[in-house]
Each structure stands twice: as C-alpha cells, then as structure tokens.
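As a basis for the values below, the full set of heavy atoms in this structure was taken, side chains included, without hydrogen atoms, waters or symmetry mates. For this chain, numbers begin at 1 and follow the sequence in order.
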Amino acid sequence: MTVAVGTSEPTEDFLDSEPAMAPEAPASPRPDFPLRDLTRRAAHLGLLTACLLAATTVTGWRLTNVAAAVAIAIALHVLLPRARFTGWAMAALCTLSLEAWLCSPVPAPPSAAWLLAGLSYAALMALAHGAGRAWRHVAARRRAPRKAVILSTGEHGVRLARTLLQHPEHGIEPIGLVGASASAHGPADDLPVLATYSTCAQMLRRSAVSVVILAGQPPISRAVLQEIRATGCQIMLAPGPDDLVQDFVAPGRQLQSFPLVDMVPPAQRRPYWMAKRVCDVTLALLALLALAPVLGICLLGVRLEGGPGVLFRQRRVGMGGRCFDMLKIRTLKPASARDSATQWTVSQSRLSGPIGGFLRKTSLDELPQLWNVVTGDMSIVGPRPERPYFVQQFSKTVERYDRRHRVPVGITGWAQVHGLRGDTSIEERARLDNHYIDTWSFGLDVKIALKTIGCVLRLGGA
C-alpha cells in the first residue's frame, strides 16, 4: 500500500495553542546539571537499599522477601521524591508490612518480623541521615565559600550581606550588591555595587558568582529574573522582616535568622529529566512496533474512505519557538493552505467520513506523532503544540502563554487530561501547562499518561 503525504489538512478542533518564545540566553558552563542530581539520587537509593538489606538480614528473611521490599521501597522513593525522613520512616513500616503480607504463603496478618525490620530500617536511616548532615556541615566549613551577589542596596540587603561576611561557615561569601544605579561602593562594609538590575544577567555571565540572593522585594521584572536563572546561578529569596512570606518558610530554612527560599530550578535541571527523553524514545519505538497492525488498519481505512494522502504534515511550534512538521492521520476533507493554518475549529461536515470521525474520537489519528517523539520534535507528555498563526495571536493576549515553550511539546498534556480541548479557555490551558512545567516530575508524567489512557478508553480523546 502506498502512503501519500499531504499538507492541506484543516486545523484540529482540539489541539492547544502555544506562542513563539524567544530562545533563552545560553547558560554559562556552571556545574548545575541533571547529572549531579542523578548522582545524588543514585547515592541516596544505594543508601536506602543498603539500610533495607541490613534491616532485613537481622530478621532472617528469604531472598524473595528482601527483593520485594527493596523494589517497593525504591518505587516509593521515585514516586515520592519530596518526602522527608519522617515520611520515609512511616513508608518503611507500611512497605515492609505490605511485603510480608504479599510474600507469605497464605495471606495472614504481619508478624513481628516485619515490625523489627521496619524499626531497624528507620533507625539505620536516621543514623545515616545524621552522619550525612554532619559530614556536609564539616565539608562546607572546609571548602571554599561560594561567591554571591545580593539584589538590594536597602537596609535589609545590607544586614544580610554583613551577616554573611561575619559568618563564613555558611559557605556563602557576598562580593557585591546589585541596585537601581551603579556607584563606586555600596553601604555594606564597602561592598561594591556591581551592576544595576537591568544589567545583572550580563555581569553574572562574566563573573564567578554562583549564588544570587533577592533581599526583600527588589524592583526586578520576571523577564530579568528568568535571564538571571538562565546563567545557571542558584537563586534564593530572603523575604523582608514584614513580608508575609516569612510565615510560610519551613523550619530549618533560615540562615542566622534570615529566612531563605530556593527558587524552583528549571525542569531540565531536575532529577530524572534525562530519563524522560530515554523513556520517550523507548516507549515510542515499542508503541510503534506493537501498534503497527492497528496503524496499518487505520491507514487502509482512511485510504479506502478518502483516497490517497492518508498522512499529512502541519507546521507546529515546538520547544523554544522552533517550528516542526507534525504528523497525523488525515481525518478531514482537504482545505486551502490558508484555512488549514488559520481556522481554529471545524464542523462535523468537514470530516472525511465515519472512519475519520472514529479516528478523531478515539485519538487514533495521533499515532503517527510517535515518530515525532522518536525524532526529538515532541515528547509523549508536554504542552500541546499549535500552529504559528495562533501562537502569535495568543502570545499577545494571553498572560504567560509564551512560557509554555520551556519544555518539549507533547502528544498529551496536563491541560488535555483536564478536558481542555477544542474550543475551550486558552487562559486555562496556559495556566495548567505552566503549572505542569513549574512542578514537573517523572511521577507527574506517569500520572498524565495513565489519565490519558483512561480518556482514550472512555472514547474521550486525549
């Protein structure tokens, strides 16, 4: 069967729109990369496994019990990356209880063995965490302090700078200030004013600064803050004494009574981001192989119903505002190139026939996009791509719409599984997609994928 590729497919009535976004400034070569986070996570998983093995050894568990307990604990660690130690202690007891019940020859109430193993595991993890904190404290005092700048020349920023200079054991050494205007020296122990707010990012790219602290509420725009983050520096907020944020800072996040809040790192610098691409390619290739018969039947049905040209390519905007050709199975009657690029919705009369309607309803027409995932133009989970015409329109009228291109676009996304498809609120789509990017985790991608499967099985599309 010959598969022809056309370019005149009308617009999709359920695809999300996204604006072109100016590429971020290239980050300087700082040692803040996902590899460091992955190494840290691997070390933590190794510690978790070692403590669990030691705890189960004292109970005389069989190999199957130990393997099951380790697998469950590691799965919890991956799915709950933000759990604190107390949460892990409770999870350990529940994990070993579940494991003892599942691995017993006959389901029965857990015996004292799992309780002893859980308590031993919690005690070993407490000792390991305490030793780790002590080692990090000693290492921080011995290594060279990190260079920092403070974005403020007001009284709050001055006090913070003086405190850091008087307590070098915290490992942060302020070398200057950033203010509204540059002057020879600042008011904090002759610390110089290195730059203004608007030129701060350029100064950071030329310096060895690795920490930026916003003291209080400096008059800095969100765009400038994003430029500063693109340099690779760690950014922290030190709210002022009268700032309501003070009441929301978790205990243990103070530095000499100055609360410090870390800025959320970009998704590309979070743990498991590298694994996202590996999983995308692996799952897309496996899905293409497994669904090849289904894809072939869909293409044959469209060919018999509407003639040649069963696939079409349409320009979409991807990560960083770059355009690419997105593949889909043809489900609509041909339209002019202008209508295809600028028409937002289509009527049922434009469907190629019953087969086209069925493919759109079940989202089977999206299957060719798995190849876009393999080539790197898309991801399995991410904000849905849109045509350049609507990208330009919505970027002018919808707040933070252009921020949706910080990560690769996807076949399904957080907005789609919440029913925001077709002629629905663009503002809500932008809000949900930006929330997905700001809070991205590997577990969130898994959750979206499972919700998408549910939507498809209910014939609701995804």
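The OG1 atom of T397 sits 12.0 Å away from atom CD of Q392, with the distance rounded to the nearest 0.5 Å. To the nearest 0.5 Å, atom OH of residue Y197 and atom CG of residue L214 are 8.5 Å apart. T331 contributes atom OG1, which lies 14.5 Å from atom NZ of K361 (distance to the nearest 0.5 angstrom). Atom SG of residue C200 and atom CZ of residue R205 lie 10.0 Å apart, to the nearest 0.5 angstrom. Interatomic distance, C298 SG to L367 CG, rounded to the nearest 0.5 Å: 6.0 Å. Put simply, CG on L304 and CG on L299 are 11.0 Å apart, with the number rounded to the nearest 0.5 Å.
Using modelled atom types, one side-chain atom of S441 and one backbone atom of L444 make a donor-acceptor pair closer than 3.5 Å. The main-chain N or O of R400 is found under 3.5 Å from a side-chain atom of N434 such that the two form a donor-acceptor pair. Side chain of R384 to backbone of V409: no donor-acceptor contact under 3.5 angstrom is found. With hydrogens and angles ignored, the 3.5 Å screen pairs a side-chain donor or acceptor of R330 with a backbone N or O of G309. Between the side chain of T375 and the backbone N or O of W371, at least one donor-acceptor pair lies under 3.5 Å. Judged by distance alone, with hydrogens and angles left aside, the side-chain atoms of E305 form a donor-acceptor pair with the main-chain N or O of I355 at under 3.5 Å.
Electrostatic pairing of R429 and E386 does not count as a salt bridge here, judged by no charged N lying under 4.0 Å from a carboxylate O. Using a cut-off of 4.0 Å between Lys/Arg side-chain N and Asp/Glu carboxylate O, D438 and R406 are scored as salt-bridged.
Side-chain polar atoms of S379 and D280 form a donor-acceptor pair below 3.5 angstrom. Remark: the Q226 side chain and the R229 side chain contain an N/O donor-acceptor pair separated by less than 3.5 Å.
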Decide yes or no on side-chain contact (heavy atoms from CB on, under 4.5 Å) for F358 and L364, but give the supporting numbers first. CA-CA 8 Å; F358 175 77; L364 290 174; 4.0 Å; yes
Could you go through the side-chain contact (heavy atoms from CB on, under 4.5 Å) check for M263 and M236 one step at a time? CA-CA 6 Å; M263 186 177 184; M236 293 185 286; over 6 Å; no
Please report the C-alpha distance between I411 and L370 in whole Å, then the side-chain angles of each, then the deciding distance to 0.1 Å, and finally whether the side-chain contact (heavy atoms from CB on, under 4.5 Å) criterion is met. CA-CA 8 Å; I411 297 177; L370 292 170; 3.9 Å; yes
Between L151 and I228, is the side-chain contact (heavy atoms from CB on, under 4.5 Å) condition met? List the steps. CA-CA 11 Å; L151 271 64; I228 295 174; 4.0 Å; yes
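With sequence neighbours left out, the side-chain contact (heavy atoms from CB on, under 4.5 Å) criterion links S221 to A223, V224. Partners of R315 by salt bridge (charged side-chain N to carboxylate O under 4.0 Å, His left out), not counting sequence neighbours, listed by chain and number: D325. For the side-chain hydrogen bond (donor to acceptor under 3.5 Å, both in side chains) test, residues two or more places apart in sequence or in another chain that qualify with E428 are R431. For L285, the side-chain contact (heavy atoms from CB on, under 4.5 Å) partners two or more places apart in sequence, or in a different chain, are V281, V374. For the salt bridge (charged side-chain N to carboxylate O under 4.0 Å, His left out) test, residues two or more places apart in sequence or in another chain that qualify with D445 are K276. Residues satisfying the side-chain contact (heavy atoms from CB on, under 4.5 Å) test with T282, not counting sequence neighbours, are V278, L286. Partners of M319 by side-chain contact (heavy atoms from CB on, under 4.5 Å), not counting sequence neighbours, listed by chain and number: Q268, R322, P408. The side-chain hydrogen bond (donor to acceptor under 3.5 Å, both in side chains) test applied to K147 returns E173, not counting sequence neighbours. Residues passing the side-chain hydrogen bond (donor to acceptor under 3.5 Å, both in side chains) test with R146 are Q234, sequence neighbours excluded. D262 is linked by a salt bridge (charged side-chain N to carboxylate O under 4.0 Å, His left out) to R253, counting only residues two or more places apart in sequence or in another chain.
Side chains of Q369 and M326 form a contact here, defined as non-hydrogen atoms less than 4.5 Å apart. Between P388 and V317, some side-chain heavy-atom pair lies under the 4.5 Å cut-off. Between L225 and I235 the shortest side-chain heavy-atom distance falls below 4.5 Å. L311 has its side chain within reach of I329: a pair of non-hydrogen atoms, C-beta onward, lies under 4.5 Å apart. Side-chain contact between P383 and I437 is present, with heavy atoms from C-beta onward closer than 4.5 Å.
Ring-plane geometry between W273 and W440 is classed as perpendicular, the angle between the planes exceeding 60 degrees on a 0 to 90 degree scale with a lower cut at 30. Ring planes of F394 and F390: parallel class, angle under 30° (limits at 30 and 60°).
By the 6.0 Å contact criterion, CG on L244 is open, its count of non-hydrogen atoms from other residues, nucleotides or ligands being 12 or less.
Contact between I380 and A284 at its shortest, heavy atoms only, is CD1-N, 4.4 Å. Of all non-hydrogen atoms in M203 and A195, the two that sit nearest each other are CB-CB, 4.0 Å. Considering all non-hydrogen atoms of both residues, A430 and V398 come closest at CB-CG1, 4.0 Å.
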